[in-house]
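Heads up, the thing below is written out as structure tokens.
When a ligand or atom number is given, it counts from 1 through the structure's own listing order. In what follows, every heavy atom counts, from backbone to side chain, and hydrogens, waters and symmetry copies are set aside.
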Amino acid sequence: MKSMKTRRAKKLLLMSVLATFSCTSIQQKVYSSFDDYPVYEGQWEEMVYSPAATRFSLWAPTAQEVRVLLYDEGRNGSAYETVVMTAGKDGMWKTDVDGDLKGKFYAFNVKVDDQWLGDTPGVLAKALGVNGDRAAVINMADTNPEGWENDARPALKDFSDIILYEMHHRDFSIDSTANIRHNGKYLALTEEGTVTADGAKTGIDHLKELGVTHVHLLPSFDYSSVDETKPDLPQYNWGYDPKNYNAPEGSYATDPFQPEVRIREFKQMVMALHKAGIRVVMDVVYNHTAVTKGSNFERTVPGYFYRQDEKGGFADASACGNETASERAMVRKYMVQSVCYWAQEYHVDGFRFDLMGIHDIETMNAIRSALNKIDPTIYMYGEGWAAAAPRLPQERLAMKSNTYLMPGVAAFSDEFRDSLRGPFGHDEKGAFIIGAPRHEAGIKFGIVGGIAHPQVNNDSVHRVPKIWANQPTQFIAYASCHDDLCMTDRIRHTLPGASVKELAALQKLTQTAILTSQGVPFLFAGDEVMRDKKGVANSYKSPDEINAIDWTLKTTHRDVFDYVSGLIAMRKAHPAFHMGSADLIRQHLEFIHVPASNVVAFRLKGNPCGDSWLNTTVVLNARTEPVTVDIPDGKYWIAARDGRIDLVMGLGTLVGNKLEVAPRSAMIIHQ
Ligand code: CA
């Protein structure tokens, strides 16, 4: 905002007067608002290596002095050399250090208001020492694994073909039942042929068998909470505590002390997934940093990267102590460049934005357009909300309600989620799947992928959520994710005393709704084998006993796994389930009137998108008794019924105009 004159800016003015009397400092630049800070044009880099010399740069327009400290080690010890940097154009400080610095480490030190702000690896460090306190001088070309030049993104025709699978490195492979050598590490996803003691596939083979198109990795950039120097301690964190945005987290690498290792192993992981036909999504958390005062941003350009509250302190829409200011030119540039860097250097295929509602629309659109130049099939989605009201007008924020203003960007549908299993944070409150009334409209809203549809209407009983997606590919259909209870726990909480059979039936019913939704389906890792988290909803730092997936469950609940993988195979084989266009959905998707509550039935009229199935009909019956649904008279093949799915042989045929669906189950038929 042009008019914003912060307390900080006034303070800077005072300090600059003092600064002119200091013979060791240059005059501190004073800007009346953050909008007046110089914008650096061109590629923003902090370290460019060559064997002859290394160029260090730092964008620090309010600095009086900047120096770079060179170290032999990634931690401990003193700098062996301190090099004074020179102020250049547009706030960029620079220096060239002659000689081959490969293998050295560095930190910057910035003086503002006559105070040195403390060592920082900079804001864009791409290689790090252990725990990310110092950056490293490396030659990025050395980090490429063998065959990297031939790595290619798996084919993706349309966003509507996507099936997302959200996983945490440690949850996924740490348990001994996974039988994975590099358990809990990036390299876990490169190990083929791993099985449980019963012979059930684990690791990357499990993902292939399940059939998902994208793995969504919980934060895998460098975060703060896990001490990388103690690999033998069983430490756990989701990783929503960012420290360095442009380098991989060290605790998932086999050697976090060697800067090249985490980079190479991340690339090996991407390459292995690509080879398996699976794309890779990174969870990016630009909305806040783990620490505020001592963050790399604050140690470089105090105040600039964060929004201020009315008192000049840090605004806090993330509820983590701060919120970043994407609307400021260099923060926007930072985010665009960082996302493009992961897409280009690491071949990442998609980005999930944490608390996207804190960012501004213009920045999200700028990222979309920059990614389009790299590869328009790179997917973008995010949480269209914030933890508290951000300090930017609502109409500028990338909130869910503004999704229609961001073509090619999707948001999570909490409406569909809550209609299926109950609201966030209210663990005991159930919804459609356990038979709670008045959730049918929310289910229909989810089935059409959140687009405006003539049959998704308000009536005296039902309130339809506000439409925010222009296209179904802007709508993430999910029932559970890392946040909150996973599905098995949720069903247990909302249906106390449910038997294993009932848990399995409702898990299948839920996943049928998700995987027949016209939105983009999203699965939480382990729901397909009925993992639980022992009832812990906010398991962000819970130990392995809570978070690790026990892979013997894949054998115990083989029927659930087979059913979910069957649904995925069905969706992939039948474009009618993911038409990808709001107009086609309005044309072909028709709800069938069912007088009973807790039943939603729909028909995909004709064979949309050239589907080999005709008039595919889906019934979701959450009632504890069977339901009969009227269908057009004819002969139908049965693909799914009573918790079983068979695409190859089918489950028999049906002739007539009545479809009887068993309690707590889904039925899928076609002509
Ligand atoms: Ca870290």
Side-chain angles (χ1 to χ4, degrees), residues 46-47 71 73-76 105-108 118-136 138 143 167-174 182-189 217-270 282-300 318 320-322 324 338 341-342 345-346 348 354 482 540-544 547:
E46 290 179 347
M47 188 280 292
Y71 297 89
E73 302 293 331
R75 61 170 183 154
N76 301 334
F105 295 83
Y106 65 92
F108 297 102
D119 290 4
T120 169
V123 300
L124 332 146
K126 293 173 179 171
L128 298 168
V130 72
N131 278 336
D133 292 323
R134 289 178 193 158
I138 65 163
T143 65
M167 56 159 279
H168 183 282
H169 295 289
R170 198 172 170 99
D171 289 27
F172 189 68
S173 64
I174 197 69
H182 297 290
N183 56 342
K185 307 289 183 194
Y186 299 124
L187 290 184
L189 287 168
L217 304 168
L218 257 70
S220 300
F221 54 82
D222 179 42
Y223 61 80
S224 293
S225 49
V226 169
D227 184 350
E228 299 172 6
T229 67
K230 299 188 173 71
D232 297 329
L233 270 186
Q235 305 175 76
Y236 185 96
N237 206 286
W238 283 341
Y240 294 96
D241 52 326
K243 188 162 177 177
N244 292 286
Y245 288 107
N246 297 293
E249 162 61 13
S251 63
Y252 301 136
T254 57
D255 184 353
F257 293 86
Q258 300 298 322
E260 290 89 353
V261 172
R262 62 178 79 185
I263 301 173
R264 184 178 304 116
E265 290 179 348
F266 194 108
K267 290 177 175 177
Q268 284 177 267
M269 170 192 70
V270 171
M282 271 190 58
D283 192 336
V284 287
V285 189
Y286 298 107
N287 68 81
H288 74 277
T289 53
V291 293
T292 307
K293 278 262 193 276
S295 72
N296 296 329
F297 289 155
E298 277 301 281
R299 288 181 175 193
T300 306
S318 69
C320 295
N322 58 72
T324 53
S338 180
Y341 174 69
W342 286 103
E345 182 66 35
Y346 289 89
V348 168
D354 186 62
H482 68 277
Y540 78 102
K541 58 174 185 181
S542 299
D544 295 336
N547 280 314

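- In this structure, CD in Glu249 is found 4.5 Å from CD in Glu228, a value given to the nearest 0.5 Å.
- For the residue pair Ser220 / His169, a side-chain donor-acceptor distance below 3.5 Å is found, with atom types taken as modelled.
- The side-chain heavy atoms of Thr229 and Arg75, taken from C-beta on, include a pair separated by under 4.5 Å.
- Within the model, atoms CG of Asp171 and CG of Leu218 stand 7.5 Å from one another, a figure rounded to the nearest 0.5 Å.
- Between the side chains of His168 and Tyr540, not a single donor N or O lies within less than 3.5 Å of an accepting N or O.
- A parallel orientation is assigned to the rings of Phe297 and Tyr245, their planes being inclined by less than 30° (bins at 30° and 60°).
- Atoms of the protein (N, O or S only) found under 3.0 Å from the Ca ion (ligand 1) are Asp222 OD1, Tyr223 O, Glu228 OE2, Glu249 OE1.
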